[in-house]
There are 2 protein chains.
Amino acid sequence: MENSERRLKNCGLKITRQRREIIKILEQSTRPVSAENIFLALRQQGGTVSLSTVYRVLEILVNKKAVRRLNTVDESGALFELDDTHRHYLVCLGCHKMFPLDDCPLETYEKKLTCQTGFDVTGHSLEIYGYCRDCCKKKKN
Amino acid sequence: MENSERRLKNCGLKITRQRREIIKILEQSTRPVSAENIFLALRQQGGTVSLSTVYRVLEILVNKKAVRRLNTVDESGALFELDDTHRHYLVCLGCHKMFPLDDCPLETYEKKLTCQTGFDVTGHSLEIYGYCRDCCKKKKN
DNA sequence: ATTCAAATGCGAATAATTTGCATTAGCATA
DNA sequence: TATGCTAATGCAAATTATTCGCATTTGAAT
């Protein structure tokens with residue numbers, strides 16, 4: 001069984017060609033991708049998946065916590081990535097590239113918070129933005 | 001001169017009734033509000049401002065750094081608040097209330113990051129979510 | 001008071017996402 | 001392996017949030 005199929009099984013979802021293909025795109029991406037990107041990537045490689053199916057599959061996977069949805073300051077729409085590991089990005093406002101951070105700066109903070117406030121923290125979204133080294137250079141020139 | 005007018009002056013913007021009213025709503029709100037909320041609030045109190053003007057004024061104020069735009073995990077659209085102080089929220093996924101945090105957990109982290117990566121950090125978006133005390137109780141019952 | 005660019009209102013346009021419904025296809029079972 | 005039922009898909013239309021074009025109005029500088 002392929003990896004994509006295993007993921008679907010783990011979520012208790014039916015295995016379909018479309019779902020496999022969408023998951024494969026996510027597995028191949030080194031950066032978060034939009035629903036549209038997935039749709040276009042699949043179309044390019046000859047597959048046929050409708051955009052609404054892409055959205056529907058992503059929604060299901062997000063609910064199952066197999067995929068994470070990001071709202072970036074930068075982009076108009078949402079981006080998606082596999083939720084294998086907790087991760088944050090440095091987002092460059094110049095070139096729009098996203099650079100993953102090595103660690104999450106909030107782990108200890110959240111524990112403290114839960115104790116202090118009684119708020120049951122289930123997660124967070126964090127995005128740090130600015131200008132990458134290349135774009136800093138360009139700005140100076 | 002009223003506060004709202006002073007804010008506009010500080011931004012170098014022309015003072016208009018609509019802008020004053022929009023800023024007043026922001027000043028009165030204890031929580032971030034949507035463009036639609038502002039529009040409705042003004043309509044209720046008899047004012048007349050078009051929704052497109054609300055969006056336009058907010059956009060200008062965001063560019064002038066007088067207003068901050070938030071994309072919450074929770075809401076479909078964007079929320080806005082005055083950018084007087086840097087602030088983050090605990091967002092309750094049950095009742096959708098937003099509870100401001102006392103401090104920003106990222107200040108020292110960002111400095112470290114700038115040194116280590118050469119990425120010029122200009123800002124960040126952070127939102128911590130989960131369930132407030134009341135909603136935790138409700139879930140248990 | 002006059003002038004003129006900038007701001008506003010309105011409705012139409014756009015972009016991202018969702019939904020309804022008819023058709024198709026997994027997969028459990030006979 | 002064939003059959004049947006439900007869930008998944010495709011398509012087009014609907015929604016939602018936001019932006020834009022253009023005619024009209026209005027602040028504020030003179």
Side-chain angles (χ1 to χ4, degrees), chain A residues 1-2 4-23 25 32-43 46-64 66-80 96, chain B residues 1-2 4-23 25 32-43 46-64 66-80 96:
Chain A
M1 199 195 292
E2 348 183 293
S4 58
E5 296 181 350
R6 200 162 294 118
R7 287 179 192 274
L8 287 166
K9 283 283 182 200
N10 288 342
C11 296
L13 294 173
K14 201 182 275 187
I15 294 168
T16 67
R17 174 180 57 76
Q18 291 86 334
R19 288 177 176 176
R20 264 190 282 118
E21 291 179 355
I22 290 168
I23 291 177
I25 294 293
V33 285
S34 66
E36 182 96 29
N37 285 160
I38 294 173
F39 171 73
L40 293 173
L42 288 175
R43 162 162 297 187
T48 53
V49 182
S50 77
L51 185 53
S52 29
T53 295
V54 174
Y55 275 109
R56 266 188 294 230
V57 170
L58 288 171
E59 188 192 5
I60 292 169
L61 294 171
V62 167
N63 288 337
K64 298 285 185 183
V67 163
R68 182 172 30 232
R69 163 188 272 117
L70 315 173
N71 285 61
T72 91
V73 178
D74 220 31
E75 305 281 332
S76 54
L79 299 180
F80 301 84
H96 310 293
Chain B
M1 199 195 291
E2 349 184 292
S4 57
E5 295 180 351
R6 199 163 294 118
R7 286 179 193 275
L8 288 166
K9 283 282 183 204
N10 287 343
C11 295
L13 294 173
K14 202 182 276 189
I15 293 169
T16 67
R17 174 181 57 79
Q18 291 87 333
R19 287 177 177 177
R20 265 190 281 115
E21 292 179 356
I22 290 168
I23 290 177
I25 294 292
V33 285
S34 66
E36 181 98 31
N37 286 158
I38 294 173
F39 171 72
L40 293 174
L42 289 175
R43 161 162 298 187
T48 53
V49 182
S50 78
L51 184 54
S52 26
T53 296
V54 174
Y55 274 109
R56 265 186 295 229
V57 170
L58 288 172
E59 187 191 6
I60 292 169
L61 293 172
V62 167
N63 288 338
K64 297 285 185 184
V67 164
R68 180 171 33 230
R69 165 187 270 117
L70 315 173
N71 284 60
T72 91
V73 178
D74 220 31
E75 305 280 332
S76 53
L79 299 180
F80 300 85
H96 310 294

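Values below: every heavy atom of this structure, side chains too, minus hydrogens, waters and symmetry copies. Convention: sequence-line order gives letters A, B, ...; per-chain numbering from 1. Because the structure is a prediction, the values reported are computed rather than measured.
Considering only the side chain of B/V57, C/dT8 comes nearest among C/dT8, C/dC27, D/dC11. Here the nucleotide nearest the side chain of B/I15, chosen from D/dA28, C/dC10, D/dA12, is D/dA28.
Backbone-only contact: A/T16 has heavy atoms under 4.0 Å from sugar-phosphate atoms and none from a base. Contacts of A/A78 with the nucleic acid, taken as non-hydrogen atoms under 4.0 Å apart, involve only primed sugar atoms and P, OP1 or OP2. Within the 4.0 angstrom heavy-atom criterion, only backbone atoms of the sugar-phosphate kind lie near A/S76; the bases stay farther away. Contact annotation for A/S34: no contact, since no heavy-atom pair falls under 4.0 Å across all strands. If you check every strand for non-hydrogen atoms under 4.0 Å, A/R19 touches sugar and phosphate atoms only.
At C/dT8, none of the side-chain N or O atoms of B/T53 fall inside 4.0 Å of OP1 or OP2 (strictly under the cut-off). One finds a side-chain N or O of A/Y55 lying less than 4.0 angstrom from the OP1 or OP2 phosphate oxygen of C/dT17.
Closest approach of B/A35 and B/V54 over heavy atoms only: O-CG1, 3.6 Å. The two atoms that bring A/M1 and A/R6 nearest to each other are O-NH2, 2.8 Å, heavy atoms only.
When side chains are defined from C-beta on, A/R17 counts as touching A/T48, because their heavy atoms get closer than 4.5 Å. Within the 4.5 Å cutoff, the side chain of B/V57 has no heavy atoms near those of the B/Q18 side chain. A/R7 is not listed as a side-chain neighbour of A/R19, based on a closest heavy-atom distance of 4.5 Å or more.
Nearer to the 5' terminus of DNA chain D, by closest-nucleotide assignment, is the contact made by A/L51 (compared with the other of B/L79 and A/L51). The nearest heavy atom of DNA chain D to A/S50 and to B/E59 marks one nucleotide each, and the one closer to the 5' end goes with A/S50.
The nearest whole Å value for the distance from the CZ atom in B/R56 to the C1' atom in C/dC10 is 10 Å. Straight-line distance from the CG atom of A/L8 to the P atom of D/dA7: 17 Å, rounded to whole Å. The distance from atom NZ of A/K14 to atom P of D/dT6 is 10 Å, rounded to the nearest whole Å. The separation between B/K64 atom NZ and C/dA6 atom P is 12 Å, rounded to whole Å. As rounded to whole Å, 13 Å separates atom C1' of D/dA28 from atom CD of B/E5. Remark: P of C/dT8 and CG of B/L13 are 10 Å apart, rounded to the nearest angstrom. Summarising the geometry, the separation between CD on B/Q18 and C1' on C/dG9 is reported as 9 Å, rounded to the nearest angstrom. Between A/N71 atom CG and D/dT16 atom P the separation is 19 Å, expressed in whole Å.
In the interface, the side chain of A/R17 is not paired with the base of C/dG26 through any donor and acceptor atom under 3.5 Å apart.
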